[in-house]
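Comments concern the structure below.
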Amino acid sequence: MYEMLCLSALREGESAYVTEVNAGPAMDRRLTDLGLVRGTRVTCVLRSPAGDPCAYLIRGALIALRQADAAGVALERRTEDIPEAVTI
C-alpha cells in the first residue's frame, strides 16, 4: 500500500519517491534542474530549528528548500517504509 504526501511533510530520516512537481513554472524548472523528477528518491536529512528551511538528500546532493517550495513536490512511499515511533 502507498501513502501520498508532499515533500514538506517528510520528517528527518524519512524517504519517499517523487511522483509530480507542481510549484509554478519557474520553481518547477528549478526543482527539475535540481534532480526532482518522477521516481527520484528524496530523504529529509535535517530541519532547521525553526522548521524552515529543510535539507534534503537528492541524487547525492544536499539541497535546502523552503517549505513553501517543497509543498509543490508530490511524493509517495510504501506504508511499510514509514518509520515507527519510538516509545520509551
Side-chain angles (χ1 to χ4, degrees):
M1 182 175 282
Y2 290 91
E3 174 189 29
M4 302 301 291
L5 66 154
C6 64
L7 182 56
S8 62
L10 282 182
R11 295 184 302 231
E12 282 186 45
E14 292 182 337
S15 297
Y17 294 87
V18 175
T19 58
E20 182 181 10
V21 177
N22 188 16
M27 186 53 66
D28 279 0
R29 175 63 188 222
R30 179 173 181 263
L31 295 174
T32 301
D33 289 347
L34 290 172
L36 284 167
V37 295
R38 185 174 182 81
T40 299
R41 182 180 177 165
V42 180
T43 303
C44 181
V45 176
L46 182 67
R47 287 191 172 274
S48 72
D52 196 19
C54 295
Y56 301 97
L57 185 62
I58 304 168
R59 296 182 178 258
L62 194 61
I63 306 293
L65 294 173
R66 297 177 295 168
Q67 283 187 339
D69 298 330
V73 180
L75 305 173
E76 73 176 11
R77 65 178 167 195
R78 292 189 328 211
T79 53
E80 298 85 33
D81 293 341
I82 300 171
E84 294 188 28
V86 176
T87 56
I88 299 174

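As the structure is a prediction and not an experimental result, all values here were calculated from the model.
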Shortest non-hydrogen contact between R66 and D52, atoms and distance:
CA-OD1, 3.3 Å
Do the side chains of L7 and L34 join up, straight or via other hydrophobic residues, at under 4.5 Å, putting them in one cluster?
yes
Rounded distance [0.5 Å steps], CG in L57 versus CG in L46
12.0 Å
What distance do M4 atom CE and E76 atom CD have between them, rounded to the nearest 0.5 Å?
5.0 Å
For R38 and T19, work out which heavy atoms get closest and say how close.
NH1-O, 2.8 Å
Using only atom types and a distance under 3.5 Å, with no angle test, would you say the side chain of N22 pairs donor to acceptor with the backbone of G72?
no
Are M27 and I58 co-members of a hydrophobic cluster defined by side-chain heavy atoms under 4.5 Å apart?
yes
Tell me whether Y17 shares a hydrophobic cluster with L31, the cluster being built from Ile, Leu, Val, Met, Phe, Trp, Tyr side chains joined at under 4.5 Å.
no
Nearest atoms (heavy-atom pairs only) where C44 meets R11:
CB-O, 3.3 Å
Distance in Å, Y56 OH paired with E12 CD, rounded so as to fall on 0.5 Å steps
10.0 Å
Please find the pair of heavy atoms, one from V18 and one from L36, that lie closest to each other, and give the distance.
CG2-CD2, 3.6 Å
CG on L75 to CD on E20, rounded to 0.5 Å:
11.0 Å
Which atom of S8 lies closest to which atom of Q67, heavy atoms considered
CB-O, 3.8 Å
For A16 and L10, work out which heavy atoms get closest and say how close.
CB-CD2, 4.3 Å
Between CG of D33 and CZ of R30, what distance do you get to the nearest 0.5 Å?
9.5 Å
